[in-house]
Amino acid sequence: MPDLNTFKLEGTKLVPINRFNLEPAKPSTAFTAVTMNKVNDFKVIEHPIIHSIDIKPILVFPLVENYFPLIEGDKAINENDYFKDYFKNEITLFFPQVEITPNNGTVFYYENIPDKSGNKGGLLGKVTLKYIIKEKPLQSNQKSISLNLKEAVLNLKVNLDFIKVNGIVNTATQEIQFDLIDEAVKIAFLNLVSNLNDLKCNIDLFFDFKGYSKIKRNFLFARDIAVLRSDKIIKKDLTVTKTTLQPKSTLINSPLMVRTDLQTKVAPKTIISGIQLENSIKSNVQEEYVKSTFLLKINKTLSYPIGADPTISLYKTIGGGFVNIPFNLNEDFSQFKQIFVAGFNFSRLSIYKSMVQPNTFLLIPKVYSLSKDLNTMKPCISTIFHAYEEGAGTAQEISRISFQFAIGPNLSEFDLAKLKIALLQNNFLDGDTTDYFDKVQFLFPNDIGAEYDVSGNYFLQQSEISTDGKHFLFDLSTENLSEASIMINALNNTISQYANINFQHKEIKDSSIIELNIEKTIGEIIEAVIDNAAKKIQIENQSISNCKLNSVLLVNNQNSTYINSAFFKTYPQLISNDIKLLDYLALNPNVSGELKNVFFDFENIENISSEFTQIVSQSTSYNRYIQVQIKSQNATTNKITIELIVQETGSKFTIERLKSEFSTPILFNFIIKNTIVNNTLISYKVNYFDKNDNLTGTKNDVFDFSKASIIIINKK
């Protein structure tokens, strides 16, 4: 729920609250062909995710003064803009100048690559550049903004389209390298030497920098009405959640208003307005300045005539510089070609090899699942109850419910490491494979700007969807409280909600399945620290649930790999925050060299049903949690369906349980609007079926949820 605070202290880090902290979003799109006359305005934007900020120890000497621009407004910002310093208003901050030059006297290099018969099999090439950050002439009250190059993208032009290629950035040497293959080699060369402005390629440089900006947040109260009535109300009461129980996977931490006295005649709007006035709180907007990461895009045109002297030529082959034009351009080519890799079934993953950049692969996972927050390791899902403040009566206290969640590809780092090995073993890698673990790049549909649509699920189809890195962020609001209850019940009882997500990009059409299930979340939860001196690996379970280790993949500094599954067959589960030490020799008796990387295949063992008691205790006057328990049944009963009708609202729900699931309780949620007089009855019908799906019995009953919270389904 929204809060006045922006960050909280977690260990030695300030981390954002009430936001999904996922992987960094890419500032650019790779391998996307777009019509040239289409204007794509790029603004300096606040990074979609505010990352954890390390709290550095205070150093006495020497002191390095840092300057942070105050970013106001949302207009497009370019490299010539200037800002006031956040801490010292008298200081004006400017962006430094950025220059691009060929790296070490070479801008373009290529070789003919033979096939297995020794004939010409294709081309491999690269464009190499160096970037220089130079301070502008400044006065004493003017300073430069510190820039860090995050990503570089080469825009190759052909036939009114352009092809984007991601670069490899080395910030230590300030070098950028763009690896190319086949037709992209030809296109890059002709772009670089062209005298026509419409055919000259250019480079996008994405720099990040720290700054302060004002954020606006809608203010929603989420406190007990008794707190709001208190004579000693202070701001802290409005910003600190008063909860005594913290279940692992609570979906609704605290409804917006908990009415303890249904007979009250005082309108909530009147109470809230009084509190806002007393505490100088604006009811519509809260404004505050926060430190964020921003992106600055700088574009440079690349044009280097070929010249006449091969000894000083910027264009080289294995034999040295050249001054001729060795290529004929072929405009008709596919940017991606689908490949099939042994061990990676098409039903789990589609793999496409880039035809313009070597060792680059587009991955379309067949399953997208609920992601975990990087800071809390909890599922990235929240529900928000919105208060009804327009009327003066007590008839309605809820008008809308919002669901927000993030989904990502169900591929672990262990899976991706195994895929790199399989690509090498199946001869899908280009050129020198010595450091293939570092050279292989994986792209996801969002990275290439693929179009997508969601189908097959009414709830998810109605969502507003945005992208962040390889994740999709869903925001669904509904005023239908019965529909909201269905979604909450599915999440509470770990019943998967499915949908199709269809991707389309030029010649590629592919689809995946979204599985929304709170017990099937994805995300790396094992932190591993390698100690090569002691030949130990320290591992920690950072999640809030138990973790079962299945396998480990070790990579040494020569990129030799070793997988060990036998070691973990009897290894105990890691409980939350558990720290263990593993011995190299126990994992790999033939270990040689230093360990460079370690990847774990694991299972996150969650048990939502163990939290039912705590969740039931959070029931309120309008948001009710009822537990349904199925007692031991006859041996012939193989399936039970329960049809429930909330008489107050007429909402209908159907629950089905197979024999293997009888012992697992069902957490049933429903929502009603507050009224002075409530109908607190639920009528329900139980149907019993045998193994052949024949109806063997039926029972009808009525339950009063004001007197108990458990519905017992007895033996037929």
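Judged purely by atom type and a 3.5 angstrom limit, Thr561 has no side-chain atom pairing as donor or acceptor with the backbone of Leu554. Although no hydrogens or angles enter the test, the distance criterion places no donor-acceptor pair under 3.5 Å between the side chain of Asp204 and the main chain of Asn299. Between the side chain of Lys420 and the main chain of Phe437, a donor-acceptor pair closer than 3.5 Å is present. With hydrogens and angles disregarded, a donor-acceptor distance shorter than 3.5 Å links the side chain of Asp447 to the backbone of Phe444. Side-chain atoms of Asn500 never come within 3.5 Å of backbone atoms of Ile514 as a donor-acceptor pair (strictly under, hydrogens ignored). Looking at Asp415, its side chain does come within 3.5 Å of a backbone N or O of Ser412 through a donor-acceptor pair. The main-chain N or O of Lys580 is never found under 3.5 Å from a side-chain atom of Glu540 such that the two would form a donor-acceptor pair. A donor-acceptor pair under 3.5 Å links the side-chain atoms of Lys130 to the main chain of Thr173, judged by distance alone. Put simply, the side chain of Asn532 gets close to the backbone of Leu595: a donor and an acceptor are under 3.5 Å apart. In this structure, the side chain of Asn556 engages the main chain of Gln558 through a donor-acceptor pair within 3.5 Å.
In terms of heavy-atom proximity, Ser543 sits nearest to Ser576 at O-OG, 2.6 Å. The minimum heavy-atom distance between Ala188 and Val127, with the atom names listed, is CB-CG2, 4.2 Å. For the pair Leu314 and Gly105, the tightest heavy-atom approach, listed with the atom from each and the gap, is CD2-O, 3.5 Å. Closest of all the heavy-atom pairs between Glu507 and Gln335 is OE2-N, 3.3 Å. Considering all non-hydrogen atoms of both residues, Ile526 and Phe602 come closest at CG1-CD2, 4.2 Å.
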List the steps, then state whether side-chain contact (heavy atoms from CB on, under 4.5 Å) holds for Val598 with Leu553. CA-CA 6 Å; Val598 57; Leu553 192 158; over 6 Å; no
Step by step, work out the side-chain hydrogen bond (donor to acceptor under 3.5 Å, both in side chains) result for Ser496 and Glu515. CA-CA 6 Å; Ser496 294; Glu515 183 179 7; 2.7 Å; yes
Check against side-chain hydrogen bond (donor to acceptor under 3.5 Å, both in side chains), Asn170 and Glu175: CA-CA 5 Å; Asn170 186 332; Glu175 296 174 337; 4.7 Å; no
side-chain hydrogen bond (donor to acceptor under 3.5 Å, both in side chains) evaluation trace for Gln504 with Asn502: CA-CA 7 Å; Gln504 184 172 344; Asn502 308 301; over 6 Å; no
Take Phe189 and Tyr315 through the ring pair (Phe, Tyr, Trp, His ring centres under 6.0 Å) test and state the conclusion after the steps. CA-CA 9 Å; Phe189 172 77; Tyr315 301 86; 5.5 Å; yes
Stepwise side-chain contact (heavy atoms from CB on, under 4.5 Å) test for Ile176 and Leu205: CA-CA 10 Å; Ile176 310 169; Leu205 303 172; 3.8 Å; yes
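Using a 4.0 Å cut-off between charged nitrogen and carboxylate oxygen, Lys366 and Asp510 count as a salt-bridge pair. Ion pairing of Lys353 with Asp430 is present here, as a side-chain N (NZ or NE/NH1/NH2) and a carboxylate O approach within less than 4.0 Å. At a threshold of 4.0 Å, the pair Lys596-Asp438 counts as salt-bridged, since one of the basic side-chain nitrogens sits closer than that to a carboxylate oxygen.
Ring planes of Phe322 and Tyr110: perpendicular class, angle over 60° (limits at 30 and 60°). Ring geometry, Tyr452 versus Phe472: the interplanar angle exceeds 60°, so the pair is classed perpendicular (tilted spans 30 to 60°).
Cation-pi geometry between Lys126 and Tyr109 is satisfied (NZ or CZ under 6.0 Å from the ring centre, within 45° of the ring normal).
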